[in-house]
Student: 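Structure below; questions to follow.
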Protein chains: 2
Amino acid sequence: MAIKTIISGHEMSPRQGEILDAALVLLVSSGGNLTMGGLVKAANCSKETLYNWFGDREGLLIATIQWQASKVREPKIDLKQIDIASFENALNSFASDLLGVLSSDISVALNRLAISHANSELGNAVLENGRYAMGRRIKPLLRAAKKKSLLTYKSDEEAFRTLFGLIVRDVQIRLLLGDEIKYSKAKINKEARLAIEQFLTLYQN
Amino acid sequence: MAIKTIISGHEMSPRQGEILDAALVLLVSSGGNLTMGGLVKAANCSKETLYNWFGDREGLLIATIQWQASKVREPKIDLKQIDIASFENALNSFASDLLGVLSSDISVALNRLAISHANSELGNAVLENGRYAMGRRIKPLLRAAKKKSLLTYKSDEEAFRTLFGLIVRDVQIRLLLGDEIKYSKAKINKEARLAIEQFLTLYQN
DNA sequence: CTTATGCCGTACCGTACGGTACGGTACGGC
DNA sequence: GCCGTACCGTACCGTACGGTACGGCATAAG
């Protein structure tokens with residue numbers, strides 16, 4: 001690992017990106033058991049390169065997590081002129097995005113990986129790029145809505161965690177444990193809408 | 001594995017229970033990496049015995065999951081004469097119990113284990129004794145409340161999943177990923193009460 | 001006393017995998 | 001042409017671990 005850990009996904013060379021993409025594919029197809037030898041074959045690279053670039057296996061896995069995180073776009077909303085309609089819209093988008101990501105093969109594989117190496121830095125990396133990033137991203141929206149008196153709540157954190165619970169429910173843990181659920185776009189949108197409706201019932205002014 | 005898988009935790013001999021308890025302790029203390037050799041040392045037994053009784057490693061792990069599940073008591077409530085107070089009380093107990101269990105070392109260790117072996121039967125075993133058992137246990141309560149017009153909802157499943165989301169929120173995934181949260185009895189009760197209050201706001205008649 | 005059974009302890013085997021070493025090749029700078 | 005750098009491919013090493021074999025001891029049945 002060492003210093004490389006700090007490097008964000010954006011600073012990867014094209015070839016490094018290729019390798020990390022191969023790692024993601026392999027991680028999904030192998031059911032989470034990525035081996036260095038397997039990646040060498042899948043990415044047509046040498047072990048020497050792998051170890052030169054990423055230090056060791058854990059460094060590679062962390063780079064893979066950050067690489068994946070660097071791909072998700074953060075949609076920007078104008079917080080200054082927000083009204084009830086655009087606010088609800090933004091919440092619905094957020095909920096759909098979140099459910100879409102959490103139910104994706106890649107997210108499931110990366111979360112499984114991090115969870116099964118709980119002592120290492122992998123868990124932290126996933127938390128930082130997942131749950132915490134979500135909070136940082138959505139709290140300004142909540143605060144803006146509160147300022148406009150669209151919402152009433154005591155603490156950002158509590159409101160966000162309620163929103164999170166209403167959106168995610170049992171979906172993530174079931175998927176992680178191997179429950180076979182099909183999550184179509186339509187189903188995601190339906191669940192997202194229900195979650196936001198309930199959230200607004202609880203917190204709307 | 002084979003047939004042993006079906007045996008529930010109750011049919012274990014005292015010595016077998018000792019070994020499974022040792023497996024639980026080892027699972028927690030080793031951070032989820034239970035090895036057969038390690039268990040032999042920890043439980044003062046022989047590998048031969050382990051393999052005779054449990055078939056292979058997976059059989060042992062499934063037996064361990066079922067053994068743990070067999071320990072949790074299921075409190076009984078009289079569904080016939082339920083009123084708003086006793087219903088809210090039952091929900092609060094359920095929520096506290098659930099948070100208490102999910103935040104325990106053993107639950108975290110077993111869920112990590114099952115998640116990191118998603119292709120095997122372990123995930124199923126944890127789902128069956130965890131999330132699904134919860135549903136089976138709480139739905140009669142919800143139905144009874146609905147019958148007494150204490151609650152309004154369309155589907156048992158939807159109502160339960162909302163309840164689940166409000167109670168669990170981000171607690172389980174954060175713990176699984178290694179987030180260091182201290183969950184005291186007081187904090188658990190506080191979060192449980194909030195969840196039930198919100199649930200009743202959404203579904204109470 | 002004798003035999004069978006159940007279990008402990010240890011030694012052992014095979015393999016998968018992380019990590020290292022090194023020869024070979026392509027390419028850019030000088 | 002010559003060297004350095006970057007990378008591929010392969011062979012190799014060490015070890016951890018799942019699983020097997022077997023000898024030894026204790027207890028119970030006959």
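The analysis underlying the following values was restricted to heavy atoms, covering all of them including side chains, and did not include hydrogens, waters or symmetry mates. Here is the naming used below: chain letters follow the sequence lines, and residue numbers restart at 1 for every chain.
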Student: If we check side-chain contact (heavy atoms from CB on, under 4.5 Å) with Phe87(B), which of these qualifies: Asn92(B), Leu150(B), Ile196(B)?
Tutor: Leu150(B)
Student: Using only side-chain N and O atoms of Trp53(B), determine if any of them is under 4.0 Å from OP1 or OP2 of dC7(C).
Tutor: yes
Student: Over all heavy atoms of both residues, which pair between Gly17(B) and Trp67(B) is shortest? Give the atoms and the distance, please.
Tutor: CA-CZ2, 3.6 Å
Student: Can you give me the closest heavy-atom contact between Ser46(B) and Val40(B), atom names plus distance?
Tutor: C-CG2, 4.0 Å
Student: Atom pairs, N/O to N/O, protein against nucleotides 26-28 of chain D, distance under 3.5 Å?
Tutor:
none

Student: Can we say Arg131(A) and Glu157(A) salt-bridge, meaning some charged N sits less than 4.0 Å from an Asp/Glu carboxylate O?
Tutor: yes
Student: Between Tyr51(A) (OH) and dC22(C) (P), how many Å, whole number?
Tutor: 17 Å
Student: Taking only Watson-Crick and G-U wobble pairs with both distances under 3.5 Å, what dot-bracket line describes DNA chain C, where [ ] shows pairs that cross earlier ones and | shows pairs with another strand?
Tutor: ||||||||||||||||||||||||||||||
Student: What integer distance in Å separates Leu50(B):CG from dG9(C):P?
Tutor: 12 Å
Student: Take atom NZ of Lys139(B) as the centre, draw a 6.0 Å sphere, and report whether it contains more than 12 heavy atoms from other residues, nucleotides or ligands.
Tutor: yes
Student: Contact list please: residues 19-46 of chain A against DNA chain C, heavy atoms, distance less than 4.0 Å, in numerical order.
Tutor: Leu34(A), Thr35(A), Met36(A)
Student: Quick one: Phe54(B) CZ to dG18(D) P, roughly how many Å, whole number?
Tutor: 15 Å
Student: Is a side-chain donor-acceptor pair under 3.5 Å present for Tyr132(A) with Asp179(B)?
Tutor: yes
Student: With the side chain of Lys47(B) defined as its heavy atoms from C-beta on, choose the nearest nucleotide among dC8(C), dG19(D), dT20(C).
Tutor: dG19(D)
Student: Between P on dG19(C) and CD on Glu58(A), what's the gap in Å once rounded to a whole number?
Tutor: 10 Å
Student: Taking NZ, NE, NH1 and NH2 as the nitrogens, is one of them in Arg161(A) or Glu191(B) under 4.0 Å from a carboxylate oxygen of the other?
Tutor: yes
Student: Taking side chain as C-beta onward, heavy atoms only, is Leu141(A) less than 4.5 Å from Ile82(A)?
Tutor: yes
Student: Report the distance from atom CD of Glu48(A) to atom C1' of dG18(C), rounded to the nearest whole Å.
Tutor: 16 Å
Student: In whole angstrom, give the distance that lies between atom NE2 of His117(B) and atom P of dG18(D).
Tutor: 9 Å
Student: Check whether any side-chain N or O of Thr49(B) sits under 4.0 Å from OP1 or OP2 of dC8(C), and answer yes or no.
Tutor: yes
Student: Could Arg136(A) and Asp156(A) be called an ion pair, given the rule that one side-chain N must be under 4.0 Å from one carboxylate O?
Tutor: no
Student: Anything under 30° is parallel, anything over 60° is perpendicular, the rest tilted; go ahead and classify Tyr153(B) against Tyr203(B).
Tutor: perpendicular
Student: Ile167(B) and Ala95(B): which non-hydrogen atoms are nearest, and at how many Å?
Tutor: CD1-CB, 3.6 Å
